Trainee: 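Provided herewith is a single structure, encoded as C-alpha coordinates, for subsequent inquiry.
In what follows, every chain begins at residue 1, and chains take the letters A, B, ... in the order their sequences are listed. Every value quoted in this text rests on a predicted model; they were computed, and no experiment measured them.
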2 protein chains.
Amino acid sequence: MTTRWLTPEEQRAWRAYIAASLLLEDAIDRQLQQDAGMPHLYYSILSVLSESPERRLRMTDLAERLKITRSRLTYAVTRLEKDGLLRREACRYDKRGSIAALTDEGFAMLERAAPGHVDTVRSFLFDRLSEEQVGQLEEISAAIAQGLQEDGARPTADEVPWRRRSSPTCS
Amino acid sequence: MTTRWLTPEEQRAWRAYIAASLLLEDAIDRQLQQDAGMPHLYYSILSVLSESPERRLRMTDLAERLKITRSRLTYAVTRLEKDGLLRREACRYDKRGSIAALTDEGFAMLERAAPGHVDTVRSFLFDRLSEEQVGQLEEISAAIAQGLQEDGARPTADEVPWRRRSSPTCS
DNA sequence: TAGGTTTGTTTCAAACTTGAACCAAGCCCG
DNA sequence: CGGGCTTGGTTCAAGTTTGAAACAAACCTA
(Lines give C-alpha, C1' and ligand atoms only; values in the text may rest on other atoms or scores of the structure.)
Protein backbone atom coordinates (compact mmCIF):
# COMPACT_ATOMS: atom_id res chain seq x y z
CA MET A 1 0.00 0.00 0.00
CA THR A 2 1.21 3.46 -0.91
CA THR A 3 1.86 5.98 1.85
CA ARG A 4 -0.87 8.39 2.79
CA TRP A 5 1.07 11.59 3.28
CA LEU A 6 -0.07 14.31 5.62
CA THR A 7 -2.52 16.85 4.31
CA PRO A 8 -1.47 20.49 4.50
CA GLU A 9 -3.70 20.93 7.55
CA GLU A 10 -2.11 17.96 9.24
CA GLN A 11 1.34 19.22 8.33
CA ARG A 12 0.64 22.57 9.91
CA ALA A 13 -0.85 21.02 13.01
CA TRP A 14 2.03 18.60 13.37
CA ARG A 15 4.69 21.26 13.06
CA ALA A 16 2.92 23.65 15.35
CA TYR A 17 2.55 20.89 17.88
CA ILE A 18 6.21 19.91 17.74
CA ALA A 19 7.32 23.48 18.15
CA ALA A 20 4.94 24.17 21.00
CA SER A 21 5.80 21.07 22.95
CA LEU A 22 9.53 21.65 22.59
CA LEU A 23 9.29 25.27 23.62
CA LEU A 24 6.97 24.58 26.50
CA GLU A 25 8.98 21.76 28.00
CA ASP A 26 12.03 23.90 27.61
CA ALA A 27 10.57 26.87 29.38
CA ILE A 28 9.28 24.76 32.22
CA ASP A 29 12.53 22.91 32.60
CA ARG A 30 14.41 26.15 32.70
CA GLN A 31 12.17 27.68 35.31
CA LEU A 32 12.34 24.67 37.57
CA GLN A 33 16.05 24.25 37.10
CA GLN A 34 16.49 27.88 38.13
CA ASP A 35 14.15 27.90 41.08
CA ALA A 36 14.30 24.34 42.34
CA GLY A 37 17.49 22.97 40.86
CA MET A 38 15.82 20.10 39.09
CA PRO A 39 14.23 19.35 35.72
CA HIS A 40 10.51 19.00 35.25
CA LEU A 41 10.44 15.24 35.46
CA TYR A 42 12.11 15.25 38.85
CA TYR A 43 9.64 17.77 40.13
CA SER A 44 6.84 15.57 38.83
CA ILE A 45 8.18 12.63 40.74
CA LEU A 46 8.00 14.55 43.98
CA SER A 47 4.61 15.88 43.04
CA VAL A 48 3.11 12.47 42.32
CA LEU A 49 4.54 11.11 45.54
CA SER A 50 3.10 13.97 47.55
CA GLU A 51 -0.39 13.06 46.39
CA SER A 52 -0.10 9.36 46.99
CA PRO A 53 -1.29 7.61 50.13
CA GLU A 54 1.38 8.00 52.78
CA ARG A 55 3.41 9.92 50.23
CA ARG A 56 4.97 6.76 48.93
CA LEU A 57 4.70 4.59 45.86
CA ARG A 58 6.34 1.53 44.41
CA MET A 59 8.85 2.19 41.70
CA THR A 60 6.88 0.44 39.01
CA ASP A 61 3.67 2.27 39.84
CA LEU A 62 5.52 5.54 39.87
CA ALA A 63 7.05 4.83 36.50
CA GLU A 64 3.68 3.88 35.10
CA ARG A 65 2.00 7.06 36.25
CA LEU A 66 4.77 9.20 34.90
CA LYS A 67 4.92 7.28 31.62
CA ILE A 68 8.63 6.73 31.85
CA THR A 69 10.83 3.65 31.86
CA ARG A 70 11.89 2.05 35.09
CA SER A 71 15.47 2.64 34.18
CA ARG A 72 14.93 6.35 33.86
CA LEU A 73 13.09 6.41 37.13
CA THR A 74 15.86 4.54 38.92
CA TYR A 75 18.36 7.15 37.87
CA ALA A 76 16.14 10.04 38.88
CA VAL A 77 15.23 8.54 42.22
CA THR A 78 18.87 7.91 42.99
CA ARG A 79 19.60 11.56 42.48
CA LEU A 80 16.62 12.73 44.49
CA GLU A 81 17.55 10.36 47.27
CA LYS A 82 21.07 11.73 47.29
CA ASP A 83 19.54 15.18 47.67
CA GLY A 84 17.50 13.96 50.61
CA LEU A 85 14.17 14.70 48.96
CA LEU A 86 12.98 11.14 49.09
CA ARG A 87 14.00 7.86 50.62
CA ARG A 88 13.92 4.33 49.32
CA GLU A 89 12.23 1.79 51.51
CA ALA A 90 11.92 -1.95 51.24
CA CYS A 91 8.53 -3.40 50.51
CA ARG A 92 7.35 -5.72 53.23
CA TYR A 93 5.02 -7.71 51.05
CA ASP A 94 7.33 -8.31 48.15
CA LYS A 95 11.00 -8.48 48.80
CA ARG A 96 11.80 -7.51 45.21
CA GLY A 97 9.97 -4.25 45.54
CA SER A 98 11.32 -0.91 46.54
CA ILE A 99 9.27 2.05 47.53
CA ALA A 100 10.00 5.70 47.02
CA ALA A 101 8.87 7.77 49.96
CA LEU A 102 8.83 11.55 50.01
CA THR A 103 10.79 12.99 52.92
CA ASP A 104 9.71 16.05 54.86
CA GLU A 105 12.50 17.89 53.17
CA GLY A 106 11.14 16.79 49.83
CA PHE A 107 7.69 17.93 50.73
CA ALA A 108 9.02 21.27 51.87
CA MET A 109 10.90 21.69 48.61
CA LEU A 110 7.71 20.97 46.74
CA GLU A 111 5.80 23.56 48.72
CA ARG A 112 8.50 26.08 48.04
CA ALA A 113 8.68 25.38 44.32
CA ALA A 114 5.03 24.84 43.51
CA PRO A 115 3.90 28.46 43.25
CA GLY A 116 6.59 29.36 40.75
CA HIS A 117 5.90 26.26 38.75
CA VAL A 118 2.17 26.87 38.60
CA ASP A 119 2.77 30.46 37.59
CA THR A 120 4.90 29.27 34.73
CA VAL A 121 2.41 26.72 33.52
CA ARG A 122 -0.30 29.30 33.78
CA SER A 123 1.46 32.08 31.98
CA PHE A 124 2.80 29.93 29.18
CA LEU A 125 -0.15 27.65 28.72
CA PHE A 126 -3.47 28.43 30.32
CA ASP A 127 -3.30 32.17 30.02
CA ARG A 128 -3.02 31.70 26.27
CA LEU A 129 -6.00 29.40 25.92
CA SER A 130 -9.72 29.95 26.16
CA GLU A 131 -11.71 27.80 28.52
CA GLU A 132 -12.96 25.93 25.52
CA GLN A 133 -9.47 25.23 24.32
CA VAL A 134 -8.51 23.81 27.67
CA GLY A 135 -11.26 21.27 27.24
CA GLN A 136 -10.17 20.54 23.71
CA LEU A 137 -6.60 20.07 24.78
CA GLU A 138 -7.64 17.55 27.37
CA GLU A 139 -9.71 15.56 24.92
CA ILE A 140 -7.06 15.58 22.26
CA SER A 141 -4.40 14.55 24.73
CA ALA A 142 -6.53 11.83 26.20
CA ALA A 143 -7.23 10.43 22.75
CA ILE A 144 -3.55 10.35 21.90
CA ALA A 145 -2.51 8.87 25.20
CA GLN A 146 -5.16 6.21 25.04
CA GLY A 147 -4.03 5.04 21.65
CA LEU A 148 -0.47 4.84 22.83
CA GLN A 149 -1.13 2.98 26.03
CA GLU A 150 -3.11 0.01 24.89
CA ASP A 151 -1.45 -1.26 21.76
CA GLY A 152 2.12 -1.87 20.79
CA ALA A 153 3.73 1.33 21.88
CA ARG A 154 5.72 -0.59 24.43
CA PRO A 155 4.99 -4.06 23.17
CA THR A 156 4.13 -6.31 26.07
CA ALA A 157 1.65 -8.82 24.74
CA ASP A 158 -0.22 -9.43 27.95
CA GLU A 159 -0.35 -5.90 29.23
CA VAL A 160 -4.02 -5.50 28.38
CA PRO A 161 -5.99 -2.77 30.14
CA TRP A 162 -8.72 -5.01 31.53
CA ARG A 163 -6.19 -7.20 33.18
CA ARG A 164 -4.34 -4.50 35.06
CA ARG A 165 -2.76 -5.89 38.15
CA SER A 166 -1.84 -2.61 39.77
CA SER A 167 -0.07 -4.00 42.80
CA PRO A 168 -1.08 -2.37 46.04
CA THR A 169 1.11 0.36 47.34
CA CYS A 170 2.07 -1.77 50.31
CA SER A 171 0.84 1.04 52.45
CA MET B 1 0.00 38.01 45.45
CA THR B 2 -1.22 34.58 46.35
CA THR B 3 -0.82 31.78 43.84
CA ARG B 4 -3.69 30.98 41.52
CA TRP B 5 -3.64 27.19 41.52
CA LEU B 6 -4.90 25.19 38.61
CA THR B 7 -8.59 24.43 38.43
CA PRO B 8 -9.58 20.77 38.25
CA GLU B 9 -10.17 21.15 34.51
CA GLU B 10 -6.75 22.66 34.04
CA GLN B 11 -5.18 19.95 36.16
CA ARG B 12 -6.74 17.26 34.03
CA ALA B 13 -5.76 18.96 30.81
CA TRP B 14 -2.21 19.49 32.00
CA ARG B 15 -1.71 15.92 33.08
CA ALA B 16 -3.28 14.51 29.98
CA TYR B 17 -1.08 16.74 27.90
CA ILE B 18 2.11 15.74 29.68
CA ALA B 19 1.30 12.07 29.35
CA ALA B 20 0.37 12.35 25.70
CA SER B 21 3.42 14.32 24.70
CA LEU B 22 5.76 11.96 26.52
CA LEU B 23 4.18 8.87 25.06
CA LEU B 24 4.00 10.29 21.59
CA GLU B 25 7.59 11.47 21.45
CA ASP B 26 8.62 8.14 22.83
CA ALA B 27 6.76 6.14 20.25
CA ILE B 28 8.08 8.26 17.42
CA ASP B 29 11.62 8.13 18.70
CA ARG B 30 11.42 4.40 18.99
CA GLN B 31 10.07 3.91 15.50
CA LEU B 32 12.69 6.13 13.92
CA GLN B 33 15.48 4.63 15.98
CA GLN B 34 14.39 1.22 14.79
CA ASP B 35 13.89 2.02 11.16
CA ALA B 36 16.34 4.81 10.51
CA GLY B 37 18.78 4.54 13.36
CA MET B 38 18.24 8.06 14.61
CA PRO B 39 16.01 9.92 17.04
CA HIS B 40 13.19 12.16 15.93
CA LEU B 41 15.15 15.38 16.18
CA TYR B 42 17.83 14.10 13.84
CA TYR B 43 15.24 13.06 11.33
CA SER B 44 13.70 16.51 11.58
CA ILE B 45 17.02 18.11 10.81
CA LEU B 46 17.28 16.17 7.59
CA SER B 47 13.67 16.88 6.82
CA VAL B 48 13.97 20.63 7.27
CA LEU B 49 17.10 20.66 5.16
CA SER B 50 15.43 18.73 2.37
CA GLU B 51 12.79 21.42 2.04
CA SER B 52 15.17 24.35 2.10
CA PRO B 53 16.49 26.05 -1.00
CA GLU B 54 19.42 24.04 -2.30
CA ARG B 55 18.86 21.69 0.62
CA ARG B 56 21.09 23.73 2.86
CA LEU B 57 20.69 26.10 5.77
CA ARG B 58 22.86 28.02 8.16
CA MET B 59 23.25 26.53 11.58
CA THR B 60 21.51 29.36 13.36
CA ASP B 61 18.54 29.33 11.03
CA LEU B 62 18.27 25.61 11.36
CA ALA B 63 18.34 25.84 15.13
CA GLU B 64 15.72 28.55 15.05
CA ARG B 65 13.32 26.54 12.90
CA LEU B 66 13.73 23.47 15.02
CA LYS B 67 13.43 25.43 18.26
CA ILE B 68 16.56 23.98 19.73
CA THR B 69 19.77 25.49 21.04
CA ARG B 70 22.76 25.95 18.78
CA SER B 71 24.75 23.72 21.05
CA ARG B 72 22.35 20.87 20.66
CA LEU B 73 22.32 21.34 16.93
CA THR B 74 26.10 21.29 16.74
CA TYR B 75 26.21 17.92 18.41
CA ALA B 76 23.50 16.46 16.21
CA VAL B 77 25.01 17.81 13.02
CA THR B 78 28.38 16.40 13.95
CA ARG B 79 26.86 12.98 14.28
CA LEU B 80 24.89 13.24 11.05
CA GLU B 81 27.96 14.45 9.24
CA LYS B 82 29.91 11.48 10.56
CA ASP B 83 27.16 9.29 9.12
CA GLY B 84 27.52 11.02 5.78
CA LEU B 85 23.95 12.26 5.75
CA LEU B 86 24.91 15.90 5.57
CA ARG B 87 28.00 17.99 5.06
CA ARG B 88 29.18 21.20 6.64
CA GLU B 89 30.15 23.96 4.27
CA ALA B 90 31.73 27.32 4.89
CA CYS B 91 29.61 30.38 4.28
CA ARG B 92 31.08 32.60 1.62
CA TYR B 93 29.43 35.76 2.85
CA ASP B 94 30.22 35.44 6.51
CA LYS B 95 33.33 33.62 7.51
CA ARG B 96 31.89 32.87 10.93
CA GLY B 97 29.01 30.99 9.45
CA SER B 98 28.74 27.33 8.70
CA ILE B 99 26.11 25.72 6.56
CA ALA B 100 24.59 22.31 6.85
CA ALA B 101 23.94 20.75 3.45
CA LEU B 102 22.01 17.55 2.92
CA THR B 103 23.98 14.97 0.95
CA ASP B 104 22.43 12.69 -1.64
CA GLU B 105 22.87 9.91 0.82
CA GLY B 106 20.99 11.94 3.40
CA PHE B 107 18.21 12.62 0.97
CA ALA B 108 17.99 8.95 0.09
CA MET B 109 17.80 8.04 3.75
CA LEU B 110 14.99 10.50 4.18
CA GLU B 111 13.07 9.02 1.27
CA ARG B 112 13.52 5.59 2.73
CA ALA B 113 12.44 6.55 6.21
CA ALA B 114 9.64 8.97 5.45
CA PRO B 115 6.83 6.49 4.77
CA GLY B 116 7.33 4.67 8.05
CA HIS B 117 7.54 7.90 9.94
CA VAL B 118 4.37 9.29 8.40
CA ASP B 119 2.58 6.05 9.12
CA THR B 120 3.57 6.32 12.73
CA VAL B 121 2.47 9.92 13.09
CA ARG B 122 -0.77 9.07 11.38
CA SER B 123 -1.62 6.03 13.39
CA PHE B 124 -0.69 7.51 16.73
CA LEU B 125 -1.95 11.03 16.18
CA PHE B 126 -4.17 11.85 13.25
CA ASP B 127 -6.08 8.59 13.13
CA ARG B 128 -7.20 9.33 16.67
CA LEU B 129 -8.40 12.85 16.01
CA SER B 130 -11.37 14.23 14.15
CA GLU B 131 -10.78 16.79 11.45
CA GLU B 132 -12.03 19.41 13.84
CA GLN B 133 -9.57 18.37 16.49
CA VAL B 134 -6.71 18.68 14.06
CA GLY B 135 -7.65 22.29 13.58
CA GLN B 136 -7.96 22.81 17.31
CA LEU B 137 -4.60 21.25 17.92
CA GLU B 138 -3.01 23.61 15.47
CA GLU B 139 -4.59 26.66 17.03
CA ILE B 140 -3.73 25.62 20.54
CA SER B 141 -0.17 24.83 19.60
CA ALA B 142 0.23 28.06 17.70
CA ALA B 143 -1.04 30.03 20.66
CA ILE B 144 1.40 28.34 23.01
CA ALA B 145 4.34 28.66 20.67
CA GLN B 146 3.62 32.29 20.00
CA GLY B 147 3.65 33.14 23.67
CA LEU B 148 6.92 31.35 24.15
CA GLN B 149 8.72 32.87 21.22
CA GLU B 150 8.26 36.54 21.80
CA ASP B 151 8.85 37.15 25.46
CA GLY B 152 11.40 36.01 27.95
CA ALA B 153 11.44 32.32 27.26
CA ARG B 154 14.99 32.58 26.06
CA PRO B 155 15.81 36.03 27.34
CA THR B 156 17.68 37.98 24.72
CA ALA B 157 16.72 41.58 25.21
CA ASP B 158 17.09 42.69 21.62
CA GLU B 159 15.68 39.66 19.91
CA VAL B 160 12.41 41.37 19.13
CA PRO B 161 10.24 39.91 16.41
CA TRP B 162 9.94 43.04 14.28
CA ARG B 163 13.66 43.33 14.08
CA ARG B 164 14.34 39.82 12.85
CA ARG B 165 17.48 39.74 10.83
CA SER B 166 17.13 36.23 9.43
CA SER B 167 20.39 36.15 7.57
CA PRO B 168 20.11 34.89 4.02
CA THR B 169 20.92 31.27 3.42
CA CYS B 170 23.99 32.26 1.45
CA SER B 171 22.54 30.20 -1.33
C1' DT C 1 41.15 52.46 12.46
C1' DA C 2 41.80 50.60 17.04
C1' DG C 3 39.24 48.78 20.61
C1' DG C 4 35.03 47.16 22.47
C1' DT C 5 30.80 44.89 21.72
C1' DT C 6 27.89 41.68 19.34
C1' DT C 7 27.04 37.56 16.57
C1' DG C 8 27.89 32.64 14.83
C1' DT C 9 29.62 28.54 16.18
C1' DT C 10 32.05 25.14 18.74
C1' DT C 11 33.91 22.96 22.99
C1' DC C 12 33.78 20.97 27.40
C1' DA C 13 32.21 18.78 31.62
C1' DA C 14 28.33 17.44 34.02
C1' DA C 15 23.82 15.72 33.90
C1' DC C 16 20.40 12.88 31.86
C1' DT C 17 18.35 9.07 28.83
C1' DT C 18 18.30 4.70 26.41
C1' DG C 19 18.16 -0.25 25.87
C1' DA C 20 20.04 -4.31 26.72
C1' DA C 21 21.85 -7.26 30.21
C1' DC C 22 21.60 -8.73 34.79
C1' DC C 23 20.07 -10.34 39.39
C1' DA C 24 16.84 -11.39 42.66
C1' DA C 25 12.46 -12.88 44.28
C1' DG C 26 7.79 -14.52 43.24
C1' DC C 27 5.01 -17.85 40.65
C1' DC C 28 3.63 -22.16 38.48
C1' DC C 29 3.12 -26.74 37.70
C1' DG C 30 4.72 -31.23 37.34
C1' DC D 1 10.26 -29.78 46.41
C1' DG D 2 12.67 -28.05 41.80
C1' DG D 3 13.33 -26.34 37.68
C1' DG D 4 11.56 -22.75 34.35
C1' DC D 5 9.10 -18.59 33.40
C1' DT D 6 7.64 -13.88 34.84
C1' DT D 7 8.12 -9.63 37.42
C1' DG D 8 10.54 -5.70 40.00
C1' DG D 9 14.47 -3.26 40.01
C1' DT D 10 19.19 -1.96 39.10
C1' DT D 11 23.45 -1.60 36.35
C1' DC D 12 26.25 -0.44 32.61
C1' DA D 13 27.98 1.63 28.35
C1' DA D 14 26.80 4.45 24.69
C1' DG D 15 24.37 8.30 23.19
C1' DT D 16 22.26 12.80 23.96
C1' DT D 17 21.35 17.32 26.21
C1' DT D 18 22.59 21.31 28.98
C1' DG D 19 24.73 25.67 30.01
C1' DA D 20 28.62 28.09 30.53
C1' DA D 21 32.93 29.29 28.54
C1' DA D 22 35.88 29.93 24.60
C1' DC D 23 36.90 31.72 19.99
C1' DA D 24 36.77 34.02 15.91
C1' DA D 25 34.80 37.04 12.65
C1' DA D 26 31.86 41.10 11.94
C1' DC D 27 30.19 45.40 13.46
C1' DC D 28 30.33 49.66 15.67
C1' DT D 29 31.99 54.14 17.20
C1' DA D 30 34.85 57.44 18.86
Side-chain angles (χ1 to χ4, degrees), chain A residues 22 25-27 29-30 32-34 37-43 45 57-64 66-83 88-100 154-159 163-170, chain B residues 22 25-27 29-30 32-34 37-43 45 57-64 66-83 88-100 154-159 163-170:
Chain A
L22 263 175
E25 248 316 88
D26 242 46
D29 266 333
R30 199 153 35 249
L32 279 172
Q33 193 68 57
Q34 279 269 314
M38 66 181 81
H40 186 198
L41 174 65
Y42 291 53
Y43 176 91
I45 292 174
L57 225 41
R58 285 191 62 158
M59 294 296 279
T60 296
D61 295 335
L62 197 44
E64 216 162 87
L66 293 164
K67 314 303 179 203
I68 61 174
T69 61
R70 299 191 187 102
S71 169
R72 190 177 178 183
L73 180 61
T74 293
Y75 180 88
V77 162
T78 304
R79 198 263 229 199
L80 291 171
E81 187 173 31
K82 225 166 260 162
D83 294 351
R88 262 190 256 241
E89 295 174 355
C91 178
R92 264 164 296 156
Y93 306 105
D94 182 344
K95 277 176 199 152
R96 293 170 301 182
S98 92
I99 296 182
R154 194 174 294 286
T156 313
D158 54 347
E159 191 173 327
R163 226 178 148 280
R164 278 244 151 289
R165 43 190 166 17
S166 178
S167 49
T169 307
C170 285
Chain B
L22 264 177
E25 249 316 88
D26 243 44
D29 265 334
R30 199 154 34 246
L32 279 173
Q33 193 68 56
Q34 278 270 314
M38 66 181 79
H40 186 198
L41 174 65
Y42 292 52
Y43 177 91
I45 292 175
L57 225 43
R58 285 192 63 159
M59 295 294 279
T60 295
D61 295 334
L62 197 44
E64 216 160 88
L66 292 165
K67 315 301 180 203
I68 60 174
T69 62
R70 298 184 189 80
S71 169
R72 189 176 178 185
L73 181 61
T74 293
Y75 180 88
V77 163
T78 303
R79 197 262 230 199
L80 291 171
E81 188 172 31
K82 227 165 258 161
D83 293 349
R88 263 189 255 243
E89 295 175 355
C91 177
R92 263 163 298 158
Y93 305 105
D94 182 343
K95 279 175 199 155
R96 292 168 301 182
S98 91
I99 296 182
R154 194 175 293 287
T156 313
D158 55 346
E159 191 174 329
R163 225 175 147 284
R164 279 244 151 289
R165 38 184 171 24
S166 176
S167 50
T169 308
C170 282

Trainee: What's the CD-C1' distance between B:Glu25 and C:dT18, to the nearest Å?
Mentor: 14 Å

Trainee: Report yes if a side-chain nitrogen or oxygen of B:Arg72 is closer than 4.0 Å to either non-bridging phosphate oxygen (OP1 or OP2) of D:dT18; otherwise report no.
Mentor: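 Affirmative; the distance criterion is met.
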
Trainee: Heavy-atom distance under 4.5 Å between the side chains of A:Met59 and A:Ile99, does that happen here?
Mentor: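 Heavy-atom side-chain distance check fails, nothing below 4.5 Å.
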
Trainee: Measure NZ/A:Lys82 against C1'/C:dC16 and give the value in whole Å, please.
Mentor: 13 Å

Trainee: Using the salt bridge (charged side-chain N to carboxylate O under 4.0 Å, His left out) criterion, which residues pair with B:Arg72? Sequence neighbours excluded.
Mentor: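 Result, salt bridge (charged side-chain N to carboxylate O under 4.0 Å, His left out) vs B:Arg72: none returned.
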
Trainee: In whole Å, I'd like the distance from the OH atom of B:Tyr42 to the P atom of D:dG15.
Mentor: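 Atom-to-atom, B:Tyr42 to D:dG15, this comes out as 11 Å.
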
Trainee: Using side-chain heavy atoms (C-beta onward) and a distance below 4.5 Å, is B:Asp29 in contact with B:Gln33?
Mentor: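 Counting from C-beta outward, B:Asp29 and B:Gln33 never come under 4.5 Å.
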
Trainee: B:Thr78: which residues meet the side chain to side chain contact (heavy atoms under 4.5 Å, CB included) condition with it, sequence neighbours left out?
Mentor: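 With neighbours one apart ignored, the set is B:Thr74, B:Lys82, B:Arg88.
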
Trainee: Using a 4.5 Å cut-off on heavy atoms from C-beta on, say whether the side chain of A:Arg58 contacts that of A:Ser98.
Mentor: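 A side-chain contact under 4.5 Å is absent here.
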
Trainee: For B:Leu62 and C:dG8, give me the distance from atom CG to atom C1', rounded to whole Å.
Mentor: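 Spelled out: CG on B:Leu62 to C1' on C:dG8 is 14 Å.
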
Trainee: Can you check the A:Leu22 CG to D:dT16 P distance for me, whole Å?
Mentor: 16 Å

Trainee: Can you check the A:Met38 CE to D:dT17 P distance for me, whole Å?
Mentor: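 Result: 23 Å.
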
Trainee: I need the CZ-P distance between B:Arg79 and D:dT16, as an integer number of Å.
Mentor: 5 Å

Trainee: Which residue lies toward the 5' end of DNA chain C, A:Gln33 or A:Lys95, if each is placed at its nearest nucleotide?
Mentor: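 Nearest nucleotide further toward 5': that of A:Gln33.
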
Trainee: What's the CG-C1' distance between A:Leu80 and C:dA15, to the nearest Å?
Mentor: 13 Å

Trainee: Evaluate the side-chain proximity of A:Leu66 to B:Leu22: yes if any heavy-atom separation is below 4.5 Å, no if none is.
Mentor: no

Trainee: Atom pairs under 3.5 Å, N or O on each side, protein against nucleotides 9-11 of chain D: can you list them with distances?
Mentor:
unit_1, atom_1, unit_2, atom_2, d
D:dG9, OP1, A:Arg58, NE, 3.4
D:dG9, OP1, A:Ser98, N, 2.8
D:dG9, OP1, A:Ser98, O, 2.9
D:dG9, OP2, A:Thr60, N, 2.7
D:dG9, OP2, A:Thr60, OG1, 2.2
D:dT10, OP1, A:Arg88, NH1, 2.6
D:dT10, OP2, A:Thr74, OG1, 2.8
D:dT10, OP2, A:Arg88, NH1, 3.4
D:dT11, O4, A:Ser71, OG, 3.3

